[in-house]
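Hydrogens, waters and symmetry mates are skipped; everything else that's a heavy atom, side chains included, is used. Just so we're on the same page: letters track the sequence lines, and every chain starts at 1.
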2 protein chains.
Amino acid sequence: MRKLTLIDKLLQNAEEKCQAAGGRFTNKRRDILENLIRAEHPLSAYDLVELYNQSSEQKIQAMSVYRILDFFIEMQLVHKLPTLNKYVVCSHLACKHNHKDQYFVVCKNCGDAQEIAMNPTLTKELNESVSSVGFQLIDAQFELLGLCNACASKASN
Amino acid sequence: MRKLTLIDKLLQNAEEKCQAAGGRFTNKRRDILENLIRAEHPLSAYDLVELYNQSSEQKIQAMSVYRILDFFIEMQLVHKLPTLNKYVVCSHLACKHNHKDQYFVVCKNCGDAQEIAMNPTLTKELNESVSSVGFQLIDAQFELLGLCNACASKASN
DNA sequence: TAAAGAAATGATACAACATAACATTGAAGG
DNA sequence: CCTTCAATGTTATGTTGTATCATTTCTTTA
Ligand SMILES: [Zn+2]
Ligand SMILES: [Zn+2]
Ligand SMILES: [Zn+2]
Ligand SMILES: [Zn+2]
């Protein structure tokens, strides 16, 4: 019996989370998620349409991809990055726990994104800052623009 | 001699900032900025096209509005809110100083946005968090989703 | 002040991102 | 089976943003 690959495990974990929430993990959803996992960087919805239509016998349309992405975002398996109009798998796909506050750093040069868990102090500071102007926080996810390690060291050469 | 209104003062201040940076403050730019100031909430580029074409003898095209917005963003007189695909005037239009780190809270209910200056502690925490993963920050501006004071109190009725 | 150069805008076309609305298919439960 | 609801198909259209080349307007300077 063949050992499960890492991706198999991620997909299996994702399936469990979907089913636990009463959602189905259809073939289309599985394939879209797998493509996004393998990409290892943010993709647009239309990137995913192309990828799917190249790698599969079947065809999918943009409308369906958007619906599937919405579903995964609801399940917290995928995040949307509004500054890029792209989507990326949650870095906690392998974890059992549901993650809390996180943000993304986006590399201006290579476009890669990294999900960063907020430490308690940062969360606290942010919450205090927001509530000090009478605002009720619903979702703290955000993106910061900068240079990743790799690109920063290249740039300084 | 008529007293200058608040908006006149804001526009005058904006003009000075543009000229100090070697940019022109043309009539089109002035009118677009004035429309955005008067709106008092975020507008899309096409909202601004419509507003201009309704309120002016002349006509403007989307392309020009995008260029004007880019110019104002460069001048730090306008900010883009990527989660809304909308634009809003900087809350420091009346100040002489150039503002530093800030973020926006966006009301999920009414769509209003409020610009919040980051306090030193928050800036420090954020910088430390980012650099701890080897990332170099370029732009810390971001948006948080929630409920504004007015909408929160309505909702609890 | 006329010519040259640079900045701003016009005009047209199109690319990229996203949703509306209604029809059809397919899985799960009784 | 058959009902029901979730998921997807299908088509059309709305929204956001950029590319490209032409023209106008302002500024500089010879
Ligand atoms: Zn995540
Ligand atoms: Zn990079
Ligand atoms: Zn500002
Ligand atoms: Zn509100």
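When distances run from any side-chain atom of S44(B) to the nucleotides dA8(C), dT16(D), dG10(C), the shortest one goes to dT16(D). Of all nucleotides listed (dT19(C), dA8(C), dT12(C)), dT19(C) comes nearest to the side chain of M63(A). The Q61(A) side chain lies nearest to dG9(D) when the options are dG9(D), dT9(C), dT18(D). When the nucleotides dT19(C), dG9(D), dT27(D) are ranked by their closest atom to the side chain of Y66(A), dT19(C) comes out on top. Taking the side chain of R24(B) as heavy atoms from C-beta on, and the options dG9(D), dT27(D), dA6(D), the nearest nucleotide is dT27(D).
Remark: C1' of dG17(D) and CG of D47(B) are 14 Å apart, rounded to the nearest angstrom. The separation between E74(A) atom CD and dA6(D) atom C1' is 14 Å, rounded to whole Å. Residue Y87(B) contributes atom OH, which lies 12 Å from atom C1' of dT15(D) at whole-angstrom precision. Taking atom CD1 on I68(A) and atom C1' on dA7(D), their separation rounds to 9 Å, with Å as the unit. Rounded to whole Å, the distance from CG on L81(B) to P on dG17(D) is 11 Å. Residue R29(A) contributes atom CZ, which lies 15 Å from atom P of dG26(C) at whole-angstrom precision. As a whole-Å value, the separation of D70(A) CG from dA7(D) C1' is 13 Å. Distance, K28(B) NZ to dT23(D) C1': 13 Å, rounded to whole Å.
Closest-nucleotide positions on DNA chain C for N85(B) and K59(B) were compared, and the one nearer the 5' end corresponds to K59(B). For the pair I60(B) and L84(A), nearest-nucleotide mapping onto DNA chain C gives the more 5' position to I60(B).
The residue K80(A) sits close only to the backbone: its heavy atoms come under 4.0 Å of sugar-phosphate atoms, none of a base. Within the nucleic acid shown, F25(B) has no heavy atom closer than 4.0 Å to any nucleic acid atom. Contacts of R67(A) with the nucleic acid, taken as non-hydrogen atoms under 4.0 Å apart, include base atoms.
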Distance-only check: which donor-acceptor pairs under 3.5 Å involve side-chain atoms of residues 35-43 of chain A, not counting sequence neighbours?
| residue | atom | partner | partner atom | Å |
| --- | --- | --- | --- | --- |
| N35(A) | ND2 | D31(A) | O | 3.4 |
| R38(A) | NE | E34(A) | OE2 | 3.0 |
| R38(A) | NH2 | E34(A) | OE2 | 2.8 |
| H41(A) | ND1 | A39(A) | O | 2.9 |

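Put simply, Y46(A) has no side-chain N or O that comes within less than 4.0 Å of OP1 or OP2 on dA16(C). OP1 or OP2 of dT25(D) has not a single side-chain nitrogen or oxygen of T26(B) nearer than 4.0 Å. Here S64(B) reaches the OP1 or OP2 of dG10(C): one of its side-chain N or O atoms lies under 4.0 Å away.
Listed by chain and residue number, Y103(A), F142(B) satisfy the ring-ring contact (aromatic ring centres under 6.0 Å, His included) test with F142(A) (two or more places apart in sequence, or in another chain).
Within 6.0 Å of atom CD in Q76(B), more than 12 heavy atoms from other residues, nucleotides or ligands are found, so the atom counts as buried in its surroundings.
If you run side-chain contact (heavy atoms from CB on, under 4.5 Å) between C18(A) and each of L77(A), T26(A), N13(A), only L77(A) comes through.
Here K96(B) pairs with E16(B) in a salt bridge; the nearest charged N to carboxylate O distance falls below 4.0 Å.
Within the 4.5 Å cutoff, no side-chain heavy atoms of K17(A) are placed close to those of F25(A).
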